[in-house]
Amino acid sequence: GILKQMKETFESNLSASQKEEMANQKAYEDLKAAKEEEIAAGQAQIQTKTGELADTDEKNAQSKVDREDTKASLSADEQFLMMLKEKCQMTDKEWEERQKTRQLEMEAVSKALAVLSGDDAHDLFTRTFNPALLQRGSTRHSERREAASRVLSQVANKVHSPRLSALAYQVKLDAFTRVKKAIDDMIAQLLKEKADEIKHKDFCVDEFNTNKLQTEKKDHEKTDLIAQIEDLEMTIQQLAKSIDTLKAEIAEMQVQMKRAGEDREKANKDFQTTVADQRATQKLLKAALTILDDFYGKKGAALLQNDGPAPPAGFDAYKKNSASGDVMSMIEKIIQDAKTLEAEAVRSEEDAQKAYEDFVKETNGSIEAKGKQIVNKSEEKAKAEGELVEAKKSKDATTLELEQLANYKAQLHQSCDFVLKNFDVRQTARDEEVSALKQALAILSGA
């Protein structure tokens, strides 16, 4: 009964150990499959990030080229702006001087006319010159003066020219030589003003065209910079997300490795207990087998010899127990089963230990690889952040340039709108003034 119970206990332990081993094997296979999936996902992520890195490098190279072009353009624009401001200041100064001179000239002419046209001046001229003596010579001159004055007055009223009106009065009063010189001077001045106005108009047209082209260029650069900033921000966001994912995966692997170590330690303790139990069982059964073997092999043989005394009355002759052989065979079989179970436990322990060591090695390798990925992605992220800062600076600089171009355009409108709008009218008026002056000069010259 004891041996049978021992056998059942051994079989129960064996069955439990085998079930536990199968469960551990299944857990290992599941863990292995999960890690293989993680490795495959990591490799796919590496390929994806490699492609992203190539695209980022290409965009970075293009951005550097655009940045150099922008710097060169900015330098040229700044030089041109400085030259233009200097030129505009000179032009404004000259224009103010000319306006003041013209105003002073008109005021002086008006005052002179007022003086010469007064009653006192008329009486003085009447007393000074004797009409009888000068009547014949002055009649023709008066007619010429009146004709020239009429021509100048008509054109002056038409084109609203104070200078021409003043000259019309001057023709009536001044000597021929002075009048002709005044007419020649005014013709020269009008022609100069016409040429200056044409030059100013051409300048305005060129500057408006240049301003438009530069504005369009800077708008395009700003659009490219905005797209670059959005792309860099997206890249930084994706890299940050990838880094967080890699850190989470490393933490999960470390947890799995810790759990695997705890399971391995527990399984090793169970193995040590199982081996100790099997070896103790073998030792116990071997001791029992030795005792039985000694009894049946030696003493039993002696009792069966005929040399001994005859059995007492009422006793049969001693015979060997027929069941002794079966019992000893069963004990030997149990001992052999225990050895087999011990060997299987040792093999299972060796396999489990090797699987655990392989798992630890693979996990550490995966953790190291992901750590390198984190370092690389952190460097990429830092580089992208630096590029983002530069792109934002370039965008701010471009925005400032656009504001400067807009301000300069407003200055051009102030300086050029009146000229451009009234250019044809003013040119026509000057042509009519010059024509009238030439006609008056011809009349005064007797043509």
(request) Quick one: pull up CE in M253 and CD in E362 and give me the separation to the nearest 0.5 Å. (result) 11.5 Å
(request) Determine, stepwise, if the pair E221 / K218 fulfils salt bridge (charged side-chain N to carboxylate O under 4.0 Å, His left out). (result) CA-CA 5 Å; E221 291 178 3; K218 294 303 177 183; 3.4 Å; yes
(request) Taking all non-hydrogen atoms of both residues into account, name the closest pair between I229 and A391 and its distance. (result) CG1-CB, 3.7 Å
(message) To check you understand the geometry: which heavy-atom pair defines the closest contact between R264 and Y356, and what is its length?
(response) CD-CB, 3.4 Å
(message) Looking at every non-hydrogen atom in both residues, tell me the closest pair between L405 and N211 and how far apart they are.
(response) O-ND2, 3.0 Å
(request) Could you note down all residue pairs passing side chain to side chain donor-acceptor pair (under 3.5 Å) where residues 229-243 supplies at least one of them, sequence neighbours left out? (result) K49-S242, K59-D231
(request) Answer whether the closest heavy-atom distance between the side chains of D185 and Q189 falls below 4.5 Å. (result) no
(request) Would you mind telling me which of K283, R279, R347 makes a salt bridge (Lys or Arg N to Asp or Glu O under 4.0 Å) with E342? (result) R279
(message) My understanding is that only one of M234, K383, K377 makes a side chain to side chain contact (heavy atoms under 4.5 Å, CB included) with L239; could you say which?
(response) K377
(request) Identify the heavy atoms of I331 and L292 that sit nearest to each other, and give their distance. (result) CD1-CD1, 3.9 Å
(request) Run the numbers on K354 and D358 for side-chain contact (heavy atoms from CB on, under 4.5 Å), then give the verdict. (result) CA-CA 6 Å; K354 185 177 183 304; D358 292 341; 3.1 Å; yes
(message) Let me confirm one number: the CD1-CG distance from I334 to L341, rounded to the nearest 0.5 Å.
(response) 12.5 Å
(request) With the side chain counted from C-beta on, respond yes when R426 and E193 share a heavy-atom pair under 4.5 Å apart, and no when they do not. (result) no
(message) Between I250 and K247, is there a side-chain heavy-atom distance shorter than 4.5 Å?
(response) no
(request) With rounding to the nearest 0.5 Å, note down the distance linking CD in E265 to CG in D263. (result) 10.0 Å
(request) Examine distances only and state if a side-chain atom of S415 and a backbone atom of Q411 form a donor-acceptor pair shorter than 3.5 Å. (result) no
(request) Starting at CD of E197, measure out to CG of D202 and round the result to the nearest 0.5 Å. (result) 11.0 Å
(message) Tell me every residue that passes ring-ring contact (aromatic ring centres under 6.0 Å, His included) with H413, counting only those two or more places apart in sequence or in another chain.
(response) F208
(request) Kindly state each residue pair satisfying side chain to side chain donor-acceptor pair (under 3.5 Å) with at least one member in residues 267-276, sequence neighbours excluded. (result) N268-E349
(request) Would you check if Y28 and N24 make a side-chain contact, meaning some heavy-atom pair closer than 4.5 Å? (result) no
(request) Taking N422 for its side chain and F418 for its backbone only, find out whether a donor-acceptor pair lies under 3.5 Å. (result) yes
(request) State the OG1-NZ distance between T398 and K222, to the nearest 0.5 angstrom. (result) 8.5 Å
(request) For K381, check salt bridge (charged side-chain N to carboxylate O under 4.0 Å, His left out) against everything at least two apart and list the hits. (result) E385
Show me the side-chain donor-acceptor pairs of residues 364-374 shorter than 3.5 Å, one per line, residues at least two apart or across chains.
residue: N364; atom: ND2; partner: V360; partner atom: O; Å: 3.1
residue: K370; atom: NZ; partner: E249; partner atom: OE1; Å: 2.7

(message) Are the side chains of H200 and C416 in contact, using a 4.5 Å heavy-atom criterion?
(response) yes
(message) Between Q282 and Q278, is there a side-chain donor-acceptor contact under 3.5 Å, judged purely by atom types and distance?
(response) no
(request) Decide yes or no for Q228 and D224: does some side-chain heavy atom of the first lie under 4.5 Å from some side-chain heavy atom of the second? (result) no
Under 3.5 Å, sequence neighbours excluded: what are the donor-acceptor pairs made by side chains of residues 31-48?
residue: T48; atom: OG1; partner: A44; partner atom: O; Å: 3.0

(request) Quick one: do L400 and E403 satisfy side-chain contact (heavy atoms from CB on, under 4.5 Å)? Show the steps, please. (result) CA-CA 5 Å; L400 179 60; E403 292 177 356; 3.9 Å; yes
(message) Could you measure the distance from the CD atom of Q25 to the CG atom of D30? Nearest 0.5 Å is fine.
(response) 10.0 Å
